[in-house]
Each structure stands twice: as structure tokens, then as C-alpha cells.
Amino acid sequence: MKRLHPEAGHLSVAGGSAPCYCSRTSCWEQVSSRSALQKATSQLLSKPSGGPLDIQMAADRAIASDEPAGDLFTAYGRRIVDGLADLLTVYRSAAVVLGGTGSSYYRAYGHALESRLRELNTYAAVPPVGGSQAGDLAEPQARHYLASAG
């Protein structure tokens with residue numbers, strides 16, 4: 001049996017089937033990753049490029065109040081909360097910084113994410129949540145954000 005290191009992305013979440021390499025069918029990282037967002041935005045667009053430009057085009061439409069694009073990003077933000085709420089319940093984090101490429105589109109889904117966090121009765125205070133514009137290079141920015149949020 002191949003042993004995989006534990007990581008939070010493999011929390012089971014409700015929702016549609018999204019097969020994962022770990023053998024589960026509903027891992028958080030499979031439904032809330034940048035690649036999941038890529039697939040969804042490519043299906044939304046009439047002439048998708050199949051690349052990251054699709055996400056940017058859909059995000060721009062969502063920010064401009066396009067309803068189908070807005071619905072897509074609302075669903076994406078809520079899927080992020082599906083796993084994030086469990087982590088916040090366990091760790092009681094003072095702040096959250098979302099990194100990776102998907103965080104670059106926080107303006108399009110952040111309102112849905114923050115709204116869903118406020119709806120949950122799991123914990124009394126919602127920590128500040130921010131999306132990094134640095135994408136995969138977010139660690140130094142995260143340290144600065146956490147220091148200023150403290």
C-alpha cells in the first residue's frame with residue numbers, strides 16, 4: 001500500500017463526486033481547487049481557451065454582475081468554506097490567508113465565502129480572511145497579513 005502524507009485537502013466534503021488520487025470521491029481539494037475552478041469556468045464560456053485565461057474572463061464577468069458567472073463563483077466560495085469551517089473549528093485560527101492560484105480570484109468569490117462563514121454557528125467569531133494576489137508565492141505575504149491582523 002502506498003502511504004500518502006496527511007493533508008487537509010483530503011477532508012471529505014458534501015457535494016458532487018470529484019474522484020481524487022487518494023481514492024476518495026469527495027475530497028475538499030478536488031472540489032475547491034484552482035483546477036476545479038478551471039473546469040467550471042471552461043464549461044461556462046462559449047469559447048473556452050482551456051487555460052487560466054478562462055478563469056480570469058469568468059471572474060471579470062462575475063465582478064461585473066453577470067449572473068451565471070456570479071453563481072459559479074458563489075458556489076466556489078461556498079465549497080472552500082466546506083473544508084475551511086472544519087479547520088477553523090479544530091484550530092480556532094486568528095486569521096486565514098488563502099494562497100495558490102485560486103486566491104487570485106478572491107474578489108469574485110470572497111463575498112460568498114465570508115457570507116457562508118458568518119452563517120455557520122460553529123464558532124462565534126469569523127476570523128479575517130484574505131486572498132493572496134501572489135498566488136503560489138503567497139507565503140511572505142501571508143506572514144505580513146497575519147502580523148497585521150494580530
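On a predicted model such as this, the values are computed, not experimentally measured, just so you know.
Cluster membership for L98 and L87, using ILVMFWY side-chain heavy atoms within less than 4.5 angstrom, is shared. In this structure, I80 is a member of the same hydrophobic cluster as L11, with clusters built from ILVMFWY side-chain heavy atoms closer than 4.5 Å. Cluster annotation: L53 and Y105 are assigned to distinct hydrophobic clusters (Ile/Leu/Val/Met/Phe/Trp/Tyr, side-chain heavy-atom contacts under 4.5 Å, transitive).
Side-chain N or O atoms of D54 include none that pairs as donor or acceptor with a backbone N or O of P48 at under 3.5 Å. With Y76 contributing its side chain and S32 its backbone, the two residues share a donor-acceptor pair below 3.5 Å. Under the 3.5 Å distance criterion, the side-chain polar atoms of S93 are left unmatched by any main-chain donor or acceptor of V96. Using modelled atom types, no side-chain atom of S42 and backbone atom of K39 make a donor-acceptor pair closer than 3.5 Å. Judged by distance alone, the side chain of S26 and the main-chain N or O of V13 form a donor-acceptor pair under 3.5 Å. Between the side chain of W28 and the backbone N or O of D82, no donor-acceptor pair lies under 3.5 Å. A donor-acceptor pair under 3.5 Å is absent between the side-chain atoms of R116 and the main chain of V81, judged by distance alone.
The CG atom of D66 sits 4.5 Å away from the CZ atom of R61 when rounded to the nearest 0.5 Å. The distance from atom CE of M57 to atom OG1 of T41, rounded to the nearest 0.5 Å, is 9.0 Å. Atom OG of S35 sits about 6.0 Å away from atom CD of Q30, to the nearest 0.5 Å. Note that CG of D71 is 5.0 Å distant from CD of E67, once rounded to the nearest 0.5 Å.
The two residues R24 and S12 have their closest heavy-atom pair at NH1-OG, 3.0 Å. Taking every heavy atom of both residues into account, I55 and Q38 meet most closely at CD1-OE1, 3.6 Å. Among all heavy-atom pairs drawn from L44 and P68, the shortest one is CD1-CB, 3.7 Å.
At least one side-chain heavy atom of C20 sits under 4.5 Å from a side-chain heavy atom of H10. L37 is listed as a side-chain neighbour of L72, based on a closest heavy-atom distance under 4.5 Å.
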Report the C-alpha distance between Y109 and R79 in whole Å, list the side-chain angles of each, state the deciding distance to 0.1 Å, and finish with yes or no for side-chain contact (heavy atoms from CB on, under 4.5 Å).
CA-CA 10 Å; Y109 66 82; R79 283 193 306 270; over 6 Å; no
Just do the side-chain contact (heavy atoms from CB on, under 4.5 Å) check on F73 and L113 with the steps written out, would you?
CA-CA 9 Å; F73 280 92; L113 182 150; over 6 Å; no
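Using a 4.0 Å cut-off between charged nitrogen and carboxylate oxygen, E119 and R78 count as a salt-bridge pair.
Defined by atom type and a distance below 3.5 Å, a donor-acceptor pair is present between the side-chain atoms of E114 and Y106.
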